Amino acid sequence: MSKKNETADETSALKNYFNNDDKESCEVAKAGREDQNINEALEGAGCGFGTILYTLGTFLFCCLQGSEVVMLAIVGPVVKCDWNLGSFSLSVLQMSTNFAMMCSSGLTSPLGDKFGRRPMALIGAIGVTITGILCAFTKAYWQFLALRLVMGLFFGLGTPPAVVLSGEIPPKRYRALAMSGFSLAWGVGVSISGAIAYFVMEPYGWRGLVLSIPITFSPCIIFLACIRDSPRFDYYCGKVEKAEKTIKQLYKLNGKGDVEIRLKDVDVPKSAHEVGLATTYRILQKTDNIKNSVFIILLGISSYFCYYFYAYIMPRLLNEGYCAGESIVVKESCDFDKKTLLSIEMINIAEPVGLIITLFLLECIGRRKAFMGAAVLTFLLPTATYFCVNHAYLLSFLLFIYASIAGSALAPMVLVNEYMPTVIRSYMTSLEAVSAWSGAIIAIFSAEYAFNYSPRFALGVLQIFAFIAVGCLSMLRRETGNQDLA
């Protein structure tokens with residue numbers, strides 16, 4: 001067989017395998033029906049308590065991730081004074097978790113496909129909770145840094161399998177919303193961390209905040225321990241009977257009663273697990289998606305840069321007297337008073353609100369238009385802060401900026417599913433995630449230096465990357481994610 005024919009056979013096998021889980025319509029599974037397709041069986045389960053049970057553990061785990069990553073924006077200035085750190089040391093500490101997440105996500109994500117979604121998610125949740133608690137008892141900078149790196153490794157190990165596990169349970173019509181909705185967990189986690197800081201920081205200091213966050217979200221371990229593994233994973237690994245038991249349990253939890261489930265046997269082509277860079281490039285060429293893939297990766301870098309850059313300069317904008325047209329830092333403070341902590345919490349609440357509004361607009365005006373609007377606002381709104389005259393004026397615009405940034409940060413994850421062909425969607429999602437964390441690391445490392453130079457300069461840097469995001473969104477071509485391969 002020629003090399004050309006082998007490539008065609010490989011592409012055909014990949015298409016048939018991956019598109020099996022992405023059909024536009026599925027019949028509703030009925031009680032007692034034999035030899036069902038797994039898509040039909042899960043569609044028949046609908047949504048109910050069982051679906052919530054399978055997604056709640058992941059939601060809390062993502063809340064924990066959002067809280068832990070952004071929490072250092074609050075405790076950073078205090079730790080800097082307590083341990084007499086320089087700007088470089090503080091930047092390294094603040095970006096350590098993200099750096100470890102970026103490295104481990106690509107290296108450990110195949111473990112979820114090999115050993116199961118639930119075991120990896122559970123190990124990740126346990127590891128993050130333990131290391132988060134230990135961080136509160138560190139006595140030196142290097143101990144804190146080492147634990148934050150280990151925490152990032154556990155986040156990278158557990159997050160992708162957890163999200164995939166929960167995304168494989170809902171019916172198709174709710175699957176996109178479920179996957180997008182996990183970004184809302186980040187906003188909820190950030191908001192809760194701000195609320196905890198308001199009540200805990202003053203009486204117990206930064207260590208009280210560091211200790212409270214992992215304890216607050218530790219129930220994610222219980223929820224992940226109580227569920228079974230993904231029935232899709234078991235099914236495509238040849239464990240058909242195990243998948244049938246899980247689906248029967250899901251029917252019962254969703255109020256469908258005892259239903260007899262019998263799934264068809266499935267033969268998984270070997271090539272379905274061998275999607276690599278060469279195969280991805282060929283398929284991108286064949287579907288005319290090379291430019292789209294480049295713009296989505298750049299969008300991931302720029303939008304996540306804006307999110308993290310703003311998250312790390314916002315507390316200092318509120319705490320160090322940036323207003324009344326000042327272009328330099330009025331004072332550098334080590335502590336946050338109650339008024340500032342309340343203002344930070346108010347702005348943190350704007351993130352889940354912005355995400356909810358964006359998710360609503362996605363269905364009303366379309367994905368690209370909704371994300372374009374959020375990116376344009378992110379570019380324009382910081383200019384208004386140059387003319388602020390009092391704290392209330394500054395606070396109101398910072399609220400709108402955070403809401404728009406949160407909406408635009410959702411774009412890469414959603415658009416990679418819209419524009420990329422089904423057969424390489426998982427691989428491209430991994431590349432998009434790496435690009436996003438790269439943008440986050442650059443943002444966290446540069447935020448301290450940019451703000452120390454000038455608050456206005458820092459806001460200008462934010463606008464530059466927001467402009468790049470607008471450009472990437474405007475250059476994306478028509479949606480080609482559902483194209484069949486020739």
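In this text, all values refer to a predicted model and were calculated from it rather than measured experimentally. By convention here, the first residue in the shown sequence is residue 1.
- Of all the heavy atoms in Ser293 and Ile290, the pair that sits closest is OG-O, 2.6 Å.
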Handout entry: Tyr198/Ile344 under side chain to side chain contact (heavy atoms under 4.5 Å, CB included): CA gap, chis, key distance, verdict
Key = CA-CA 9 Å; Tyr198 180 78; Ile344 292 173; over 6 Å; no

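- Applying the side chain to side chain donor-acceptor pair (under 3.5 Å) rule to Thr378 yields the partners Ser404; only residues at least two apart in sequence or on another chain are considered.
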Problem - Derivation of the side chain to side chain contact (heavy atoms under 4.5 Å, CB included) call for Ile192 and Phe217 - result: CA-CA 10 Å; Ile192 292 177; Phe217 297 106; 3.8 Å; yes

Exercise for the section: Decide side chain to side chain contact (heavy atoms under 4.5 Å, CB included) for Leu377 and Phe400; before the verdict, give the C-alpha distance in whole Å, the side-chain angles of both, and the deciding distance to 0.1 Å. Expected result: CA-CA 8 Å; Leu377 286 175; Phe400 286 115; over 6 Å; no

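- Distance CD1/Ile221 to CD1/Ile130: 7.0 Å, rounded to 0.5 Å.
- No more than 12 heavy atoms of other residues, nucleotides or ligands shown are found within 6.0 angstrom of CZ on Phe99.
- Among all heavy-atom pairs drawn from Met71 and Val210, the shortest one is SD-CG2, 3.8 Å.
- Within the model, atoms CZ of Phe465 and CD1 of Ile405 stand 13.0 Å from one another, a figure rounded to the nearest 0.5 Å.
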Distance-only check: which donor-acceptor pairs under 3.5 Å involve side-chain atoms of residues 304-311, not counting sequence neighbours?
residue	atom	partner	partner atom	Å
Tyr307	OH	Glu351	OE1	3.1
Tyr307	OH	Glu351	OE2	2.8
Tyr310	OH	Leu398	O	2.7

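- One distance of note links CG of Leu473 with NZ of Lys369; it measures 13.5 Å at 0.5 Å rounding.
- Without hydrogens or angle criteria, Asn98 side chain to Ile441 main chain gives no donor-acceptor distance under 3.5 Å.
- By the 4.5 Å heavy-atom criterion applied to side chains, Ile74 and Met201 are counted as neighbours.
- Side-chain contact between Asp229 and Pro119 is present, with heavy atoms from C-beta onward closer than 4.5 Å.
- Within the structure, salt bridge (Lys or Arg N to Asp or Glu O under 4.0 Å) pairs that include any residue of residues 53-70 comprise Glu68-Arg148 (at least two apart or interchain).
- Rounding to the nearest 0.5 Å gives a distance of 8.5 Å between SG of Cys226 and CZ of Arg118.
- Listed by first and then second residue, the side-chain hydrogen bond (donor to acceptor under 3.5 Å, both in side chains) pairs involving residues 202-226 are Asp82-Trp206 (not counting sequence neighbours).
- Note that CZ of Arg117 is 13.0 Å distant from OH of Tyr54, once rounded to the nearest 0.5 Å.
- Leu134 is not listed as a side-chain neighbour of Thr138, based on a closest heavy-atom distance of 4.5 Å or more.
- Ser302 has its side chain out of reach of Leu298: every pair of non-hydrogen atoms, C-beta onward, lies at least 4.5 Å apart.
- Listed here is the closest heavy atom pair of Gly57 and Cys220: O-CB, 3.6 Å.
- The shortest side-chain heavy-atom distance between Leu476 and Phe371 does not fall under the 4.5 Å cut-off.
- Nearest heavy atom pair, residue Asn348 against residue Pro352, reads O-CD, 3.2 Å.
- Heavy-atom minimum distance, Ala125 versus Leu224: CB-CD1, 3.9 Å.
- Annotation for Ser435 and Gly300: closest pair OG-CA, 4.1 Å, computed over non-hydrogen atoms.
- Partners of Ser67 under the side chain to side chain donor-acceptor pair (under 3.5 Å) rule, at least two apart in sequence or in another chain, do not exist in this structure.
- Between the OG1 atom of Thr97 and the CG atom of Leu145 there is a distance of 9.0 Å, given to the nearest 0.5 Å.
- When side chains are defined from C-beta on, Phe137 does not count as touching Leu147, because their heavy atoms never get closer than 4.5 Å.
- No donor-acceptor distance shorter than 3.5 angstrom exists from the side chain of Ser96 to the backbone of Leu149, with no hydrogens or angles considered.
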Output a table of donor-acceptor pairs, distance under 3.5 Å, between side-chain atoms of residues 152-161 and any protein atom two or more places apart or on a different chain; print 'none' if there are none.
residue	atom	partner	partner atom	Å
Thr159	OG1	Gln65	OE1	3.1
Thr159	OG1	Phe155	O	2.8

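- In this structure, the side chains of Leu64 and Thr129 come closer than 4.5 Å at one or more pairs of heavy atoms.
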